[in-house]
Amino acid sequence: MNILFYVLPVVERQEPRHKTSWVEKVGAYADLLSKSGAGRYRFACAVGDTLYDYARSKIKNCEIIRIPHSAIIPALAKNALEYTIKVHQAGDAVFLHRVAEAHAKFLGREKYDLCISFTSVPFMKELYPDIAVLHTETAVFRKPPFPHTVYLDPAGMYDQASLPRMENLAAYAPSAAEEKLLAAIQDHHMPAARPDSGQQAILGAITKGFRKTVLLALDLPNHYPFNSCSAFDDPYDLVLNALESLPENFLLIVAPHPKLSTLSGDAIAYFSGKYKNFYWGERIARKISSYTFLFNADVVATVTSTVGLHAVLWEKPLIVLGKSQLNGYAQSFSFAEAEAAAALRLPASRRKSLAWVLTRYAIPVDLLYQADILERCINRAVQCRSGQKNDLAAYYAEPFYDVDGLTDFYLQDLVRYRKKTLLKKLNVVKTAKDFIRYKLK
């Protein structure tokens, strides 16, 4: 089987090295498949010119194909953002044909059976009509005490992903084993994420005097998922809309994307001065866990952030500000309805559907590297490659791993995290004692 890994070749937000982690994942996937596949697979990886040398050093047994940024910009769009939005939205057949032609010059005559992509690639079907595609990104969890999870989605990404296409997801009835997994997370992981008394005191002082708290988790700005899916092109307008729509006794805590501040210092100063119910979460981000914001929120709002699925787990009302993979979980799509959303009684089915997500969609990365999950997902995708609805149902028909074994993995991963945290605290104490002894000398 010929597998093409696709790492977006254009440089986004003037960050030519931004996708090094994607290249490293390609190396890990190719290595895993080489060991388990017994020669069944041949690999190629398409990357931009800024990552070509890095890819050659990190990915073994794989042809590295260089696609220059200049072959796409300005030939196909004025900049990377315009290009990635048009590709993701896939509404212009003539444009996608031109994209396919531009890629064909570099991909050559080799035929591929499967593409594993870290971005939207609707043009692949024009290049290779029978190709199966698996899109991959963070699924639900990224930070401890939960395991980092990714999806391998044959449908697409964000608003094009499988989640909004699964029509009966809201009525999903978990098996007894899946209920056990949900209970384990509720009884063990969620308490481990609970803020300590010090963190709670910090946020309690901020929320004091307000009737309700709304957590707005901002997406990465000037990036196609946000700009394709959001009701606003600029985070400034999104925050302004929130402040103009919310009652004055509703505190708005704005949590920036962890990789970028999102709002300018001038915008933060303006909002802080004019709106008494605005709080910029980055001010205390180093003192408290991001889960502290979630614990204390009455309503959560976002566009595509995985915080939206965290809100479902913590049984918080969700406002989706546009259209995304989270639409099926939303109680509202507008800040004007935040007060009504906060008062809603949430249906039990909303949280139960997470059992489907956790057993069929969100694959723990460490488990993916240990088991034959990647190969099984590849085989399913190849068998269900036409992209019809019933093919999606077939792809997700069975859990990606034994559910009892998955529950054990979650619990063992939490034990590993607690041990690591304890060792870190012990090292801090030892360092402090050594420092005191040094000073006493």
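Computation of the quantities below employed the complete heavy-atom set of this structure, encompassing side-chain atoms and omitting hydrogens, waters and symmetry-equivalent molecules. Residue numbers run from 1 in the order of the sequence given.
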Do you know which two heavy atoms are closest between Leu246 and Ala338, and how far apart they sit? CD2-CB, 3.4 Å

NZ/Lys180 to OG/Ser175 distance, rounded to the nearest 0.5 angstrom? 11.0 Å

Taking the six-membered ring of Tyr172, is the NZ or CZ of Arg351 close enough (under 6.0 Å from the centre) and on axis enough (within 45°)? no

Is a salt bridge present between Glu126 and Arg98, judged by a nitrogen-to-oxygen distance below 4.0 Å? no

Would Asn296 and Gln200 count as having a side-chain donor-acceptor pair, cut-off 3.5 Å? yes

Is it the case that the side chain of Thr292 and the backbone of Gln199 share a donor-acceptor pair, with hydrogens and angles ignored and the cut-off at 3.5 Å? no

If only side-chain N and O atoms count, and only distance matters, is there a donor-acceptor pair under 3.5 Å linking Tyr54 with Glu24? yes

Taking the side chain as everything from C-beta on, heavy atoms only, tell me whether Tyr410 gets closer than 4.5 Å to Leu414. no

Measuring only between side-chain heavy atoms, which start at C-beta, is Phe146 closer than 4.5 Å to Pro364? no

Could you give me the CA-CA distance, side-chain angles and deciding distance for Trp314 and Val307, then say whether side-chain contact (heavy atoms from CB on, under 4.5 Å) is met? CA-CA 10 Å; Trp314 264 271; Val307 171; over 6 Å; no

Quick check: are there more than 12 heavy atoms from other residues, nucleotides or ligands sitting under 6.0 Å from CD of Glu244? yes

Is it the case that atom NZ in Lys316 sees more than 12 heavy atoms from other parts of the structure closer than 6.0 Å? yes

Exam field: side chain Ser228 to backbone Pro225, donor-acceptor pair closer than 3.5 Å: no

Where the side chain of Ser324 meets the backbone of Val320, is there a donor-acceptor pair that is under 3.5 Å apart? no

Would you please test Leu114 and Leu4 for side-chain contact (heavy atoms from CB on, under 4.5 Å) and show each step? CA-CA 6 Å; Leu114 173 79; Leu4 174 67; over 6 Å; no

State plainly whether the residues Lys323 and Asp159 are in salt-bridge range, i.e. N to O under 4.0 Å. yes

Taking it one step at a time, do Ile253 and Val214 satisfy side-chain contact (heavy atoms from CB on, under 4.5 Å)? CA-CA 6 Å; Ile253 295 181; Val214 177; over 6 Å; no

What's the shortest heavy-atom distance between Ile64 and Ala55, and which atoms? CG2-CB, 3.9 Å

Cut-off 3.5 Å, side chains only: do Ser162 and Asp153 have a donor facing an acceptor? yes

Can you tell me if His69 uses its side chain to pair, donor with acceptor, with the backbone of Val10 under 3.5 Å? no

Closest non-hydrogen contact found for Ser245 with Ala336 is CB-N, 3.9 Å

Gln186 side chain vs Ala183 backbone, donor-acceptor pair below 3.5 Å: no

Side-chain contact, heavy-atom cut-off 4.5 Å: Leu309 with Gln325? no

Return the CG to CG distance between Leu215 and Leu252, rounded to the nearest 0.5 Å. 8.5 Å

Check this for me: does any side-chain nitrogen of one of Arg211 and Glu339 sit under 4.0 Å from a carboxylate oxygen of the other? yes

Within the side chain of Thr136, is there an N or O that forms a donor-acceptor pair under 3.5 Å with the backbone of Tyr151? yes

Side chain proximity check, Phe409 to Gln370, heavy atoms < 4.5 angstrom: yes

Are the side chains of Thr213 and Ile206 in touch, meaning some heavy atoms are under 4.5 Å apart? no

Quick one: does NZ or CZ of Arg360 land under 6.0 Å from the six-membered ring centre of Tyr396, within 45 degrees of the ring axis? no

Less than 6.0 angstrom from the centroid, inside 45 degrees of the normal: does Lys212 satisfy that with respect to the ring of Phe250? no

Would a 4.5 Å heavy-atom cut-off, applied to side chains only, mark Asn327 and Phe333 as touching? yes

Under a 3.5 Å threshold, yes or no: a donor from one side chain and an acceptor from the other, between His103 and Tyr6? yes

Is the shortest heavy-atom distance from the side chain of Phe106 to the side chain of Pro9 under 4.5 Å? no

For Ile131, does its backbone N or O pair with a side-chain atom of Lys125 as donor and acceptor, under 3.5 Å? yes

Is a side-chain donor or acceptor of Thr50 paired with a backbone partner of Pro16 at a separation under 3.5 angstrom? yes

Can you tell if the side chain of Glu137 reaches within under 4.5 Å of the side chain of Met157, non-hydrogen atoms only? yes

Centroid-centroid distance, Phe210 to Tyr279, less than 6.0 Å: no

So, Ser305 and Asp219: side-chain donor and acceptor under 3.5 Å apart, yes or no? no

Side chain of Asn227, backbone of Asp233: donor and acceptor closer than 3.5 Å? yes

Does one side chain, of Gln331 or Arg350, offer a donor that lies under 3.5 Å from an acceptor on the other? yes

Tell me whether Thr149 contacts the main-chain N or O of Val140 through its side chain, where contact means a donor paired with an acceptor under 3.5 Å. yes

Do Tyr83 and Val99 pass the side-chain contact (heavy atoms from CB on, under 4.5 Å) test, and can you show the C-alpha distance, the side-chain angles, and the key distance before you say yes or no? CA-CA 9 Å; Tyr83 170 77; Val99 172; 3.5 Å; yes

Please check if the distance between the ring centroids of His148 and Phe141 is under 6.0 Å. no

With a 6.0 Å cut-off on the ring centroids, do Phe271 and Tyr236 count as close? yes

Would you say OH of Tyr401 has more than 12 non-hydrogen atoms from neighbouring residues, nucleotides or ligands within 6.0 angstrom? no

Passing candidate, side-chain contact (heavy atoms from CB on, under 4.5 Å) with Pro147, options Ile363, Val365, Asp413: Asp413

Would you find more than 12 non-hydrogen atoms of other residues, nucleotides or ligands less than 6.0 Å from Asp196 atom CG? yes

Aromatic ring proximity, centroids under 6.0 angstrom, Phe5 and Trp22: no

